[in-house]
Amino acid sequence: MISLPLDDLDATDRLAAALARTAETGLCILLSGPLGAGKSELARSFVRAWLGDPDTEVPSPTFTLVQPYDGPRGTIWHCDLYRLGDPGEVEELGLSEAFADAVVLVEWPDRLGTALPVDRLELTLEICHGSDRRIAHLTPHGRWTGRLDEIETGTLPGE
Ligand SMILES: Nc1ncnc2c1ncn2[C@@H]1O[C@H](COP(=O)(O)OP(=O)(O)OP(=O)(O)O)[C@@H](O)[C@H]1O
Ligand SMILES: [Mg+2]
């Protein structure tokens, strides 16, 4: 696991952009952390970077649970499973296919149960109380392994 300080929203945005550069279809990111930790902010920045379009609207898929976007590097799904009833609904949402064919960002991945995709990056955002500071904890699995080198050495663009 690597841990990175994110001093402000801008730092979260830069981490998302760096992850989007190294990501490819078939890889997913499981975004954990408490309410207001910044999961949706990170996902929004990631989607825009993946699409190469800073103006794309990225609303929280609170009620649809999933929101796909098509881009030049492939399809990306933004999922918020907070309201998922039971893990069986994952099939109905088409998530299994998406895990294979798209980049998938999942908020509240604990709702997936135990059937986690192999090629996943577990990213947990920790809130430092009373400030904009966050700490990102990243644990790569499967094809994510070895992809965080650039991020680990602190060469995030804009720093
Ligand atoms: N360093 C930071 N990184 C991310 N967000 C930050 C940071 N500092 C402040 N914020 C603010 O914290 C809030 C994070 O909200 P966001 O909706 O992304 O949280 P969330 O983890 O998705 O919550 P939920 O579980 O309700 O979906 C935003 O208002 C954002 O501006
Ligand atoms: Mg959210």
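Counting starts at 1 for both ligands and their atoms, following the listed order.
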Answer yes if the side chains of [X] and [Y] hold a donor-acceptor pair under 3.5 Å, and no otherwise.
X	Y	answer
D80	S60	no
E107	H78	yes
H137	S3	yes

Provide, to 0.1 Å, the distance between [atom] and the closest protein heavy atom, together with that atom's residue and name.
atom	value
atom 19 (O) of ligand 1	G38 N, 3.2 Å
atom 17 (O) of ligand 1	S40 CB, 3.7 Å
atom 26 (O) of ligand 1	L35 CD2, 3.4 Å
atom 13 (C) of ligand 1	G36 O, 3.8 Å

Legend entry - Within-4.5 Å side-chain heavy-atom neighbours: D132 and D7: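 No - every pair of side-chain heavy atoms lies 4.5 Å or more apart.
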Inset, instruction - State, yes or no, whether a side-chain contact exists between I29 and R120 at a heavy-atom distance under 4.5 Å. - result: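 They are not in contact (no side-chain heavy atoms under 4.5 Å apart), so the answer is no.
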Inset, instruction - Please indicate whether any nitrogen or oxygen in T12 is less than 3.5 Å from any nitrogen or oxygen in ligand 1. - result: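 Checking ligand 1 against T12, an N or O pair does fall under 3.5 Å apart.
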Under 4.0 Å to a heavy atom of [X] - the qualifying atoms of ligand 1, by number:
X	answer
E107	22 (O), 27 (O)
W108	25 (O)
P34	21 (O)

Inset, instruction - Indicate, as side chain, backbone, both or neither, the part of D132 found under 4.0 angstrom from ligand 1 when only non-hydrogen atoms are considered. - result: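 D132 to ligand 1: contacts from backbone and side chain alike.
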Legend entry - Residue portion contacting ligand 1 (non-hydrogen atoms closer than 4.0 Å) for D8: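 It is the backbone that gets close, since no side chain atom is under 4.0 Å.
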Inset, instruction - Report the member of D7, L9, D10 with the shortest heavy-atom distance to atom 5 (N) of ligand 1. - result: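 Nearest option to atom 5 (N) of ligand 1, by heavy atoms: L9.
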Inset, instruction - Can you figure out which of K39, R134, E41, R44 has its heavy atom closest to atom 28 (C) of ligand 1? - result: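 Nearest option to atom 28 (C) of ligand 1, by heavy atoms: E41.
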Legend entry - Pairing of R134 and E41 as salt bridge, 4.0 angstrom limit: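 Result for this pair is no, no salt bridge flagged.
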Legend entry - S40 N/O/S atom closer than 2.8 Å to the Mg ion (ligand 2):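 Short answer: yes, at least one N, O or S atom is under the cut-off.
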Inset, instruction - Find the distance between OG (S32) and CD (E126) and round it off to the nearest 0.5 Å. - result: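 Between S32 OG and E126 CD, I get 12.5 Å after rounding to 0.5 Å.
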Legend entry - Heavy-atom donor-acceptor pair, D119 side chain to G142 backbone, under 3.5 Å: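 Absent.
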Inset, instruction - Check for a donor-acceptor pair, side chain of R111 on one end and backbone N or O of W108 on the other, with a separation under 3.5 Å. - result: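 Flag not set: sc R111 to bb W108 has no pair under 3.5 Å.
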Inset, instruction - Starting from the Mg ion (ligand 2), look over the N/O/S atoms of E107 and name the nearest one. - result: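 The nearest such atom is OE1.
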